[in-house]
Amino acid sequence: MKPHILVVEDEPPLVEVLRYNLENEGYRVSVAIDGTEALTQIQTELPDLVILDWMLPQLSGIEVCRQIRTDPDSKDTPVIMLTARGEEADRVKGLVSGADDYVVKPFSPTELLARVRAVLRRSTSSSPDETLMHGDLVMDLAAHLVTRGGRPVHLGPTEFRLLRVFLKRPGRVFSREQLLDLAWGRDIYLEPRTVDVHIRRLRKALNATDDEDVIRTVRGAGYALGMGMA
Ligand code: CA
């Protein structure tokens, strides 16, 4: 699936340059034009990387970055900060300990793309041997194996991706639209009820007769990983 990059920038021409170059590289791009909108999008869309301008209306880039780092859902999301040449550049190093990298304006698209690749590589290279766990559920990402209470669970590729979304944020409620975006990708158009079909399969595979249901249905909102949280 294409990595999803959120561009937070209030200057339309720069937004277009960034979008053009990032999409050309095969990334999926969404845009926020101020800090508040950025935080909303980060909450709902959980991008793989945020390119964040320092000077923004409402909340500054620094404040947005601080909030990204305080939210458990986004604390590991890589951030590349954009800053104007001059006084800010040095301060960025000191102040923005939360950012993974920064790029000084004006920058060449080549330079920015190199930073994006490097930051994404760092953030994903820690995950191949990653194991996700919740309750008696274990997902071995490298081996592509799932067990529940030591018993192997056989999942189709879609159910595997759905479960991975849940295990990355246990307890969080996902709407059907969010699950479509995160487990299928945004370029695919599917009916939200498709999610229900796959949730049913996932439940069937995960829950042996006496097991507590792994997936919690949240009426009017969506689904969450919900063992022991009812
Ligand atoms: Ca700006």
Side-chain angles (χ1 to χ4, degrees), residues 1-127 168-169 172 174-175 177-178 180-182 185-187:
M1 240 204 303
K2 294 177 183 177
H4 174 199
I5 299 181
L6 174 65
V7 171
V8 189
E9 170 61 74
D10 58 318
E11 295 158 53
L14 186 51
V15 168
E16 285 324 302
V17 170
L18 287 167
R19 185 200 286 282
Y20 175 82
N21 283 282
L22 291 165
E23 286 183 348
N24 234 1
E25 272 304 278
Y27 299 115
R28 181 156 74 78
V29 177
S30 53
V31 174
I33 57 166
D34 64 55
T36 314
E37 194 190 323
L39 288 171
T40 310
Q41 285 204 35
I42 290 161
Q43 260 293 318
T44 53
E45 303 189 12
L46 309 163
D48 299 301
L49 171 82
V50 181
I51 296 178
L52 180 60
D53 189 30
W54 168 295
M55 297 295 280
L56 290 169
Q58 301 176 31
L59 294 175
S60 73
I62 297 290
E63 180 55 23
V64 173
C65 192
R66 205 188 56 75
Q67 294 201 29
I68 291 174
R69 289 290 168 260
T70 8
D71 185 330
D73 283 338
S74 60
K75 67 177 171 43
D76 298 322
T77 306
V79 174
I80 296 179
M81 200 86 175
L82 302 180
T83 168
R85 189 175 299 282
E87 71 287 313
E88 285 164 2
D90 289 327
R91 284 168 51 206
V92 171
K93 284 188 222 173
L95 290 177
V96 194
S97 46
D100 296 76
D101 203 349
Y102 73 99
V103 176
V104 179
K105 291 179 183 177
F107 51 82
S108 72
T110 320
E111 181 195 357
L112 182 80
L113 290 171
R115 303 290 185 90
V116 165
R117 275 193 297 271
V119 168
L120 279 174
R121 204 181 308 122
R122 281 208 297 276
S123 83
T124 50
S125 65
S126 57
S127 56
K168 287 200 164 184
R169 295 164 184 87
R172 182 189 165 121
F174 293 93
S175 70
E177 289 74 17
Q178 284 176 324
L180 280 174
D181 277 358
L182 293 166
R186 199 189 248 189
D187 305 332

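FYI, the numbering just counts along the sequence from 1. In each ligand, atom 1 is the first atom listed, and ligand 1 is the first ligand listed.
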Exercise for the section: Provide the protein N, O or S atoms situated under 3.0 Å from the Ca ion (ligand 1); waters are not included. Expected result: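 The answer, once waters are left aside, is D10 OD1, D53 OD2, M55 O.
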Practice task
Please tell me if the side chains of T77 and D48 come closer than 4.5 Å, counting only heavy atoms from C-beta onward.
Solution key: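 In short, these two side chains do not touch, never coming nearer than 4.5 Å.
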So that I can tick it off, tell me whether [Y] and [X] are bridged by a salt bridge, with the cut-off set at under 4.0 angstrom between side-chain N and carboxylate O.
| X | Y | value |
| --- | --- | --- |
| E23 | R28 | no |
| R172 | D73 | yes |
| K105 | E9 | yes |
| D100 | R69 | yes |

Fill in the blank from the handout: Residues at least two apart in sequence or cross-chain that pass side-chain contact (heavy atoms from CB on, under 4.5 Å) with E63, listed by chain then number, are L59, S60, R66, Q67
